[in-house]
Number of protein chains: 2
Amino acid sequence: MKTRQVYLVDDDAAIRDALAWLLRSRGIDSRAWSTAESFLADYNSAMSGCLILDIRMVGMTGAELYDQLLALGCAMPTIFLTGHGDVPLAVKTLKRGAFDFIEKPFNDNELVDRILAALQQEENQRGLDASRTQIEERLATLTEREQEVMACILAGKLNKVIADELQIAMRTVEVHRAHVFEKMKVRSAVELAQLMSAYRAGKPRQ
Amino acid sequence: MKTRQVYLVDDDAAIRDALAWLLRSRGIDSRAWSTAESFLADYNSAMSGCLILDIRMVGMTGAELYDQLLALGCAMPTIFLTGHGDVPLAVKTLKRGAFDFIEKPFNDNELVDRILAALQQEENQRGLDASRTQIEERLATLTEREQEVMACILAGKLNKVIADELQIAMRTVEVHRAHVFEKMKVRSAVELAQLMSAYRAGKPRQ
DNA sequence: GCCGCCATTGTGGATTTCCACAGCCCCTTT
DNA sequence: AAAGGGGCTGTGGAAATCCACAATGGCGGC
C-alpha cells in the first residue's frame, strides 16, 4: 500500500528545501521538482497525496500545470503558493477546483494545517472513488434485460406492472429481479434504491 | 410572486448608476444602496435574487457585510467587485461561498453573464430549499413510533424483524408503516428510500 | 365525561414477492 | 456436438405485505 506524499513544485530551491524540511519535521513524506515540465513528465495516476505548486514559474506556470493535470484526470488537492496579488488568476484557479491559495511568505503552521486537510480530503475522495468503481463494476455485469427490470424496480413498480410493460411473464420479472439483487449485492429494493441514489449523487465528476 | 432582483451595494455613485443602467438595458430589475450598513438595515429573507457588493467601502466593507448576511442565513449568490489585488481576501471570501470576484473595470457582458448565472443558481437553490422544507414538514408529522419504524424500513428490515426488535405485533408494524407512507406521501419503501437519500444528500447547509 | 390522538392487537382474506424444480429456444464459443 | 449464457415460462407452495373491520387502553384538552 503506497504512502501519501506531498509533491512540491517550485523553481525556487530555497522554498523547496524549506518546505521539504518543514514537512519532514512533521513526519510528512515529500518529493520536490524544480519545474512544472519535469513534474508533468513524472506524473502518473498512482501518485497519492497532494500538490504544492508555485503559481508562477519559469517555463510552464503552476496554473498551466494544474490545467494539464486536470486534463489528465488528476484529483489530488492542490495548494498554490503565490507571491503576487493576482486576484483574477486566484479566482479562476479556485473556481477550477484548487484546494487553496497561500501567499508567501507563509506561516508554517497554517501551511501544514492546510496540507493535512488536503491529505485528508484526498483520502476521503479515494474512498469515494473506490466505492464508485465497485458499483460501476457491478452495474457492468448486468444484462440489458436486467438493467431494464432494475430501472422499473427503482421506479417503484410492482412486478406485474413491469411484466405488462416489458411484455413478459411475472415469473421472468422475478428471475431478472433476483439476478439484479445478486449482481448488485443487495438484499432488498430499498437497499438497491439507496445504493443507486448515493451513486448518482456522487456522479458529477468530470 | 415576487420578482428576482439584483441588489447593488457600492459607495461609488458612478458605479451604481452604470450598473443600474446596464441591468435595465438587459431587462434585469435592480435596486442600489450606497453603504453596507443601509443595505443590512433593509435586508430581509424574502429578498430574492443576487448581490453585487463592492469589496471595499467606507464604513462596513463588502466582505464584512457578506459575513453578516451569512450569519443571517442569506443564501443569495454574491458577486464581489474589487479594484485591488488582495488575494487572501478573495480566497477567503470565495471559500466562504462567494459566487464570484470581478475586478474593476469590468466587461459588461462578462458581468451580466455572471449575474444571470447567479440568478439561475439562486432559483435552483430556492427550488431545492422548498423541497427540503416540504420533506421536513412531512417528517415533523411523524410520531416517535412511526419514526422508529421508518428507520427500520430504511434499514431494509422485514416487518417481522421490526416487530421482534420493537417488541410489538407484526400487525402494529404494518399500521405504523402505512402511516409513515401516508404522511411522507410515498407509495413504496423504494420511493421512501429515494426521498430520504435525496434529503440527506442535500443536508449540509449550515 | 367526551373527544381526539396514539399505541397496540386480532381476524380474515387478498395480493405480492420469492424461489425450488423443471423445461424450452437461440446464439456463441470451444 | 457439447457447453455456457441469456431470455423466457410454468407449477406449486411458502413467506411477506397490505388492509378492512373491529376492539382496548392511556393520556391530554375542552
Side-chain angles (χ1 to χ4, degrees), chain A residues 132-201, chain B residues 132-201:
Chain A
R132 293 184 55 75
T133 298
Q134 196 171 56
I135 294 172
E136 279 165 356
E137 283 168 359
R138 294 179 193 169
L139 285 170
T141 65
L142 299 179
T143 65
E144 275 199 46
R145 210 56 166 162
E146 286 162 357
Q147 289 172 39
E148 287 174 357
V149 170
M150 185 171 102
C152 292
I153 293 169
L154 292 175
K157 296 173 182 175
L158 304 181
N159 287 351
K160 74 175 183 180
V161 172
I162 298 171
D164 283 344
E165 292 186 2
L166 301 185
Q167 291 181 308
I168 51 177
M170 219 180 331
R171 183 75 193 87
T172 305
V173 173
E174 292 170 5
V175 170
H176 289 314
R177 186 188 185 97
H179 286 161
V180 168
F181 284 13
E182 183 188 328
K183 290 178 178 182
M184 295 307 295
K185 299 189 196 302
V186 297
R187 283 158 305 179
S188 67
V190 165
E191 203 177 324
L192 180 65
Q194 289 163 338
L195 185 76
M196 292 310 294
S197 288
Y199 174 71
R200 289 176 180 147
Chain B
R132 294 183 55 75
T133 297
Q134 198 173 53
I135 295 172
E136 279 163 357
E137 283 168 359
R138 292 178 194 170
L139 285 170
T141 65
L142 299 179
T143 65
E144 276 199 46
R145 209 58 164 163
E146 285 162 356
Q147 288 172 41
E148 286 174 359
V149 170
M150 184 171 103
C152 292
I153 293 169
L154 291 175
K157 296 174 183 176
L158 304 180
N159 287 351
K160 74 174 182 181
V161 172
I162 297 171
D164 282 345
E165 292 185 3
L166 301 185
Q167 291 181 308
I168 51 178
M170 220 181 330
R171 184 73 192 88
T172 305
V173 173
E174 292 170 3
V175 171
H176 289 315
R177 185 188 186 96
H179 286 162
V180 167
F181 284 12
E182 182 188 330
K183 291 179 177 181
M184 295 308 295
K185 299 189 194 305
V186 297
R187 283 159 305 182
S188 67
V190 165
E191 203 175 325
L192 180 65
Q194 290 164 336
L195 185 75
M196 293 310 295
S197 289
Y199 174 71
R200 289 177 180 148

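Being a predicted model, the structure only gives us computed values, none of them experimental. Below, read A as the first sequence line, B as the second, and so on, with proteins coming before strands; counting in each chain starts at 1. Values below: all heavy atoms of this structure, side chains included; hydrogens, waters and symmetry mates excluded.
Between A:Ile162 atom CD1 and C:dT17 atom P there is a gap of 8 Å when expressed in whole angstrom units. Separating the CG atom of B:Leu158 from the C1' atom of C:dT16 is a distance of 14 Å, rounded to the nearest angstrom. Rounded to an integer number of Å, the gap from B:Gln147 CD to C:dC6 P is 12 Å. The nearest whole Å value for the distance from the CD1 atom in A:Ile153 to the P atom in C:dT17 is 10 Å. Rounded to a whole Å, the CG atom of B:Leu142 is 16 Å from the P atom of C:dC5. At whole-Å resolution of the value, NZ in A:Lys157 and P in C:dT17 are 14 Å apart. For the pair A:Glu182 CD and C:dC19 C1', the interatomic distance rounds to 13 Å; values are reported in whole Å. Atom CZ in B:Arg187 sits roughly 14 Å away from atom P in D:dC18 (whole-Å rounding).
For the residue pair B:Glu148 and B:Leu166, the shortest heavy atom distance occurs at OE1-CD2, 4.1 Å. The two residues B:Val180 and B:Leu142 come nearest to each other via the heavy atoms CA-CD2, 4.2 Å. The two atoms that bring B:Glu146 and B:Thr143 nearest to each other are OE1-N, 2.9 Å, heavy atoms only.
For the helix from C:dG1-D:dC30 to C:dT30-D:dA1, the axis fitted to the five pairs at one end and the axis fitted to the five pairs at the other end meet at an angle of 30° (nearest 10 degrees).
Distances shown here put a side-chain N or O of B:Thr172 below 4.0 Å from the OP1 or OP2 atom of C:dT9. Contact between the side-chain N/O atoms of A:Lys160 and the OP1/OP2 oxygens of C:dT15 is not found at any separation under 4.0 Å. In this structure, B:Thr143 does not reach the C:dC5 phosphate: none of its side-chain N or O atoms is under 4.0 Å from OP1 or OP2. A close approach under 4.0 Å does not occur between any side-chain nitrogen or oxygen of B:His176 and OP1 or OP2 of C:dC6. Dashed line: the shortest gap from a side-chain N or O of A:Asn159 to OP1 or OP2 of C:dT16 is not under 4.0 Å. Contact between the side-chain N/O atoms of A:Arg145 and the OP1/OP2 oxygens of D:dG6 is not found at any separation under 4.0 Å.
Taken from NE2 in B:His176 to CD in B:Glu144, the straight-line distance is 11.5 Å, to the nearest 0.5 Å. For the atom pair A:Arg145 CZ and A:His179 NE2, the distance stands at 14.0 Å (nearest 0.5 Å).
Of the residues near DNA chain D, B:Ala189 and A:Leu166, the one whose nearest nucleotide (by heavy atom distance) lies more toward the 5' end is A:Leu166. Take the nearest nucleotide of DNA chain C for A:Met170 and for B:His179: the residue whose nucleotide is more 5' is B:His179.
Inter-residue side-chain proximity for A:Leu139 and A:Met184 is flagged as met; some heavy-atom pair is nearer than 4.5 Å.
Checking C:dT9, D:dC18, C:dA7 against the side-chain heavy atoms of B:Val175 singles out C:dT9 as nearest.
A:Gln194 places a side-chain N or O within donor-acceptor distance of the main-chain N or O of B:Leu154, the cut-off being under 3.5 Å.
You'll find a donor-acceptor pair under 3.5 Å spanning the side chain of B:Arg171 and the base of C:dT11, going by distance alone.
Ion pair B:Arg177/B:Glu174 not flagged as a salt bridge, since none of the NZ, NE, NH1 or NH2 atoms sits closer than 4.0 Å to an Asp/Glu carboxylate oxygen.
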